[in-house]
Amino acid sequence: SFLSYEFQRLIVSSFFFVVAYILHRKFSFTDSKKVGIAIYANGVEDLASIHSKIGYFPDFIHVDIIDRTMKNDAEEVKTYKLETMKALWPNTQIQTHVMSYKPSIWLKEVILYSDVVYVHVECEENVFNLFDIIKSKGKKAGLALTMKTNIKDVIKYLKLADYVLLLTIPNPGNSGQKFDSDGIMKINEINNLNFRNRFLLCIDGGVNENIVNYLDAEN
């Protein structure tokens with residue numbers, strides 16, 4: 001009948017669509033990672049100079065905020081820099097990484113100028129509440145993990161995260177470290193989660209042009 005013929009066409013076309021999409025994901029998306037530039041909101045960063053060098057080439061701006069609850073000798077946090085960054089890169093996503101055991105003290109100041117806000121799973125505050133605050137402002141909630149984080153212990157948080165940040169260096173908060181080779185296994189572990197499609201993964205720490213192609217992550 002006419003209906004059965006149409007149904008068969010639908011099944012066949014759906015099958016080829018799925019196959020084509022899988023191949024597209026495998027071979028086309030591999031080389032389409034988004035790349036960002038990291039800028040500290042501590043110390044004296046010459047934002048105008050940075051902007052003149054990189055222009056609008058980065059897909060996102062990654063802002064690092066480190067306070068003295070997480071690093072004793074951290075320089076003073078200057079959250080007003082986020083407003084300047086948003087003015088310099090008005091159409092570029094701003095991802096803010098709050099490295100603090102008390103992230104709530106910074107949320108009100110950074111949410112206004114951020115599209116994504118990462119908090120550490122090891123912080124001393126209720127991560128669910130922090131996610132609620134971030135999402136209530138229409139922003140994406142991110143979870144920051146270190147190489148020491150046991151993925152199995154944080155599943156309940158990962159299921160609610162919009163973004164996940166994996167710090168692939170031995171001592172987060174210190175610049176100039178090399179990529180931890182165990183990071184590849186950690187990335188694979190995250191990618192094998194059965195709910196992996198719920199969040200975007202960002203790799204931070206020691207990333208360079210020699211290893212970027214080995215990093216199976218969106219950012």
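The model shown is predicted, which means the values in this text are computed figures rather than measured ones.
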Query raised in the report: Would one find more than 12 heavy atoms of other residues, nucleotides or ligands at under 6.0 Å from atom NZ of K135?
Result: yes
Query - Steps toward side-chain contact (heavy atoms from CB on, under 4.5 Å) verdict (N126, F131) - result: CA-CA 9 Å; N126 187 303; F131 277 6; over 6 Å; no
Query raised in the report: Would one find more than 12 heavy atoms of other residues, nucleotides or ligands at under 6.0 Å from atom CZ of F128?
Result: yes
Query raised in the report: With a 4.5 Å heavy-atom cut-off, do M99 and H120 have their side chains touching?
Result: yes
Report task. Considering non-hydrogen atoms only, spot the tightest contact between P103 and V119 and give its length. Result -> CB-CG1, 3.9 Å
Report task. Report yes or no: do M185 and L145 belong to one cluster of Ile/Leu/Val/Met/Phe/Trp/Tyr joined by side chain heavy-atom distances under 4.5 Å? Result -> no
Query raised in the report: Do V110 and Y80 belong to the same hydrophobic cluster, where Ile, Leu, Val, Met, Phe, Trp and Tyr are linked whenever their side-chain heavy atoms lie under 4.5 Å apart, directly or via other members?
Result: no
Query raised in the report: Salt bridge check: are E45 and K81 linked by an N-O gap of less than 4.0 Å?
Result: no
**Report entry** N/O donor-acceptor pair under 3.5 Å between N191 side chain and D216 backbone
**Finding:** yes
Query raised in the report: Are the side chains of P90 and K86 in touch, meaning some heavy atoms are under 4.5 Å apart?
Result: no
Report task. Answer yes or no: is there a donor N or O on one side and an acceptor on the other, between the side chain of W106 and the main chain of S100, under 3.5 Å? Result -> no
Requested in this report: May I ask you to decide if I94's main-chain N or O and D115's side chain share a donor-acceptor pair within less than 3.5 Å?
Outcome: yes
Query raised in the report: Should H97 and I65 count as side-chain neighbours, where that means a heavy-atom distance under 4.5 Å?
Result: no
Query raised in the report: Are any of the side-chain nitrogens in E122 or K102 under 4.0 Å away from the carboxylate oxygens of its partner?
Result: no
Query raised in the report: Just wondering, do M85 and Y113 contact through their side chains at under 4.5 Å, heavy atoms?
Result: no
Report task. For K140 and Y163, indicate whether the former's side chain and the latter's backbone hold a donor-acceptor pair under 3.5 Å. Result -> no
Query raised in the report: Any side-chain heavy atom of L130 sitting closer than 4.5 Å to one from C123?
Result: yes
Query raised in the report: Do N42 side-chain atoms and E75 backbone N/O form a donor-acceptor pair below 3.5 Å?
Result: yes
**Report entry** Y40 vs I66 side-chain heavy atoms within contact, under 4.5 Å
**Finding:** yes
Query raised in the report: Under a single-linkage definition using a 4.5 Å side-chain heavy-atom cutoff for Ile, Leu, Val, Met, Phe, Trp and Tyr, are I134 and F60 assigned to the same hydrophobic cluster?
Result: no
Report task. Assess whether side chain to side chain donor-acceptor pair (under 3.5 Å) is satisfied between T168 and D180, documenting all intermediate values. Result -> CA-CA 5 Å; T168 48; D180 188 331; over 6 Å; no
Report task. Would you please say whether a donor-acceptor pair under 3.5 Å links the side chains of Y118 and Q95? Result -> yes
**Report entry** Donor-acceptor contact present, side-chain T69 to main-chain Y101, <3.5 Å
**Finding:** yes
Query raised in the report: Between E218 and R196, does a salt bridge (charged side-chain N to carboxylate O under 4.0 Å, His left out) hold up when you go through it step by step?
Result: CA-CA 12 Å; E218 291 89 352; R196 171 63 176 84; 2.8 Å; yes
Query raised in the report: Is there a donor-acceptor pair closer than 3.5 Å between any side-chain N or O of D64 and the backbone N or O of I39?
Result: no
Query raised in the report: Side chains of L143 and F199: closer than 4.5 Å at any heavy-atom pair?
Result: no
Requested in this report: Using a 4.5 Å cut-off on heavy atoms from C-beta on, say whether the side chain of L215 contacts that of I184.
Outcome: yes
Query - Path from V63 to I105 over hydrophobic side-chain contacts below 4.5 Å - result: yes
Requested in this report: Spell out, as yes or no, whether a donor-acceptor pair under 3.5 Å connects the side chain of D162 to the backbone of A141.
Outcome: yes
Query raised in the report: Is it true that atom CZ of F195 has more than 12 heavy atoms of other residues, nucleotides or ligands lying nearer than 6.0 Å?
Result: yes
Query raised in the report: Are more than 12 heavy atoms from other residues, nucleotides or ligands located less than 6.0 Å from atom NZ of K139?
Result: yes
Query raised in the report: Hey, are K137 and D132 close enough for a salt bridge, meaning a charged N less than 4.0 Å from a carboxylate O?
Result: no
Report task. Could you walk me through whether I155 and L193 pass side-chain contact (heavy atoms from CB on, under 4.5 Å), step by step? Result -> CA-CA 9 Å; I155 295 295; L193 294 171; 3.6 Å; yes
Requested in this report: Please answer whether the main-chain N or O of I151 pairs with a side-chain N or O of T149 as donor and acceptor at a distance below 3.5 Å.
Outcome: no
Query raised in the report: Can you tell which of I37, N219, L165, V35 makes a side-chain contact (heavy atoms from CB on, under 4.5 Å) with H62?
Result: L165
